[in-house]
Trainee: 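Structure below; questions to follow.
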Amino acid sequence: MLPGDGVQYERRMREFDQAVADHEELLLRKVPECVAAGVAPAVPQAAVERMQEELDDLRRQRAVAAEWLAGRETRDGQRDELLVAIASGTSPGTSLRLDLLRGLFEVLDVKVRCATRDLLYRAGVRCPVGAWHEETGTLVPPDPTDEEWQSVVEAVRPSFTQRHFTSKYDIRQQFNGMLHRLRRGLTWGPPQAVRERQLSWWKKGAWPAAVQALQADVRGEPVRRPSGVPAFRITTSIGERGVEPVEERL
């Protein structure tokens, strides 16, 4: 709030007081004078109703102004506290009360949004495949070439019947989705179908064979560790910045 706000409200209070006094005088003195002078009763009656409405409205507006002035001292103190915190160059979050922080966020139009919408991990659920990669240090290999994909199929074939390899989904694309999820932490492709197939490969012991067929012991990248807090983006009226996720400490 600007320092002049209080001066303006005090001026408005004086104007309201004068307007209320003028209306009350009209109702108490001028209208009876008109009646005494022989004016038709309907005329002063209509005037009285109109002036009474205006008087009630003036009293309501004055009450709002009075309430604002009554809280001015508190608000001035909050403003000064906020200015001191900003001038000190320290994070306001370390010294300000929640109500002041809320007001600051409203002024700056602060909005926090998740940077990615398609998150894989669910609270309390740990992927056994990702856990295995992390515990063994096995890298997540890149997507296979045509020749490498045939090696993957041969590595997992002993664990399944031929029916397992017939599906409405492209199994190779599903496998690429499995690798993408382990590398980036995000689902790729139909998430539930990919998750179910990967889980079946894991339970049958075929997953280690599949990644070893792609030389996961010597090439690839570490599995992405699940984070309890995703990446998010903060926007304000003065700019925008990205914030990386907080790494989970197990």
Side-chain angles (χ1 to χ4, degrees), residues 93 110-236 239-250:
V110 176
K111 294 183 176 64
V112 181
R113 297 182 178 87
C114 186
T116 53
R117 300 175 62 185
D118 190 17
L119 298 178
L120 170 68
Y121 297 105
R122 294 174 294 170
V125 178
R126 192 180 184 193
C127 170
V129 180
W132 174 78
H133 275 272
E134 185 178 337
E135 292 166 1
T136 62
T138 303
L139 300 176
V140 181
D143 295 349
T145 63
D146 292 344
E147 183 178 352
E148 290 171 339
W149 170 242
Q150 293 304 317
S151 299
V152 172
V153 173
E154 293 303 319
V156 302
R157 191 183 297 278
S159 301
F160 300 97
T161 64
Q162 183 60 34
R163 182 180 179 182
H164 180 80
F165 297 93
T166 59
S167 169
K168 65 178 181 178
Y169 298 109
D170 186 316
I171 297 181
R172 179 176 175 180
Q173 291 296 322
Q174 284 189 306
F175 182 69
N176 291 344
M178 300 173 197
L179 297 176
H180 178 82
R181 181 181 67 84
L182 292 170
R183 288 192 297 260
R184 299 291 177 262
L186 301 175
T187 56
W188 184 91
Q192 188 60 32
V194 171
R195 184 179 297 110
E196 290 176 353
R197 188 173 297 276
Q198 186 178 41
L199 188 59
S200 68
W201 285 26
W202 171 253
K203 290 180 177 180
K204 290 286 188 177
W207 182 259
V211 295
Q212 289 305 325
L214 298 178
Q215 301 178 332
D217 54 337
V218 295
R219 67 172 190 151
E221 59 185 272
V223 64
R224 182 178 178 87
R225 297 181 61 190
S227 173
V229 180
F232 57 94
R233 186 160 298 281
I234 301 174
T235 60
T236 74
E240 176 177 330
R241 64 174 298 186
V243 179
E244 288 302 313
V246 178
E247 288 298 330
E248 199 173 60
R249 303 302 179 189
L250 301 181

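The figures here come from the full heavy-atom set of this structure, side chains too, leaving out hydrogens, waters and symmetry mates.
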Trainee: Indicate every side-chain donor-acceptor pair of residues 152-163 with a distance under 3.5 Å to a residue at least two apart or in another chain.
Mentor:
unit_1	atom_1	unit_2	atom_2	d
R157	NH1	Q162	OE1	3.2

Trainee: Is there a side-chain contact between E148 and Q215 (heavy atoms, below 4.5 Å)?
Mentor: no

Trainee: In Å and rounded to the nearest 0.5 Å, what is the OG to CD distance from S167 to Q173?
Mentor: 12.5 Å

Trainee: Is the shortest side-chain N to carboxylate O distance from E221 to R184 below 4.0 Å?
Mentor: yes

Trainee: Return each pair, listed once, that meets side chain to side chain donor-acceptor pair (under 3.5 Å) where at least one residue sits in residues 201-210; pairs must be two or more places apart or across chains.
Mentor: H133-W207, H164-W201

Trainee: Testing the basics here: between W132 and T138, what is the closest heavy-atom pair and its distance to 0.1 Å?
Mentor: CH2-OG1, 3.7 Å

Trainee: Keeping the roles fixed (side chain from R172, backbone from P144), state whether a donor-acceptor pair exists under 3.5 Å.
Mentor: yes

Trainee: Applying side-chain contact (heavy atoms from CB on, under 4.5 Å), can you list everything that pairs with P142, at least two apart in sequence or on another chain?
Mentor: R219

Trainee: Ignoring hydrogens and geometry beyond distance, is a side-chain donor-acceptor pair present between Q198 and R195 at under 3.5 Å?
Mentor: no

Trainee: Return the minimal non-hydrogen interatomic distance between L179 and V140, and the atom names on each side.
Mentor: O-CG1, 3.7 Å

Trainee: How about Q192: does its CD atom have over 12 heavy atoms from other parts shown lying under 6.0 Å from it?
Mentor: yes

Trainee: For G177 and V194, which heavy atoms make the closest approach, and how far apart are they?
Mentor: C-CG1, 4.2 Å

Trainee: Would you give the length of the straight line joining atom CG of L139 to atom CZ of R183, rounded to the nearest 0.5 angstrom?
Mentor: 11.5 Å

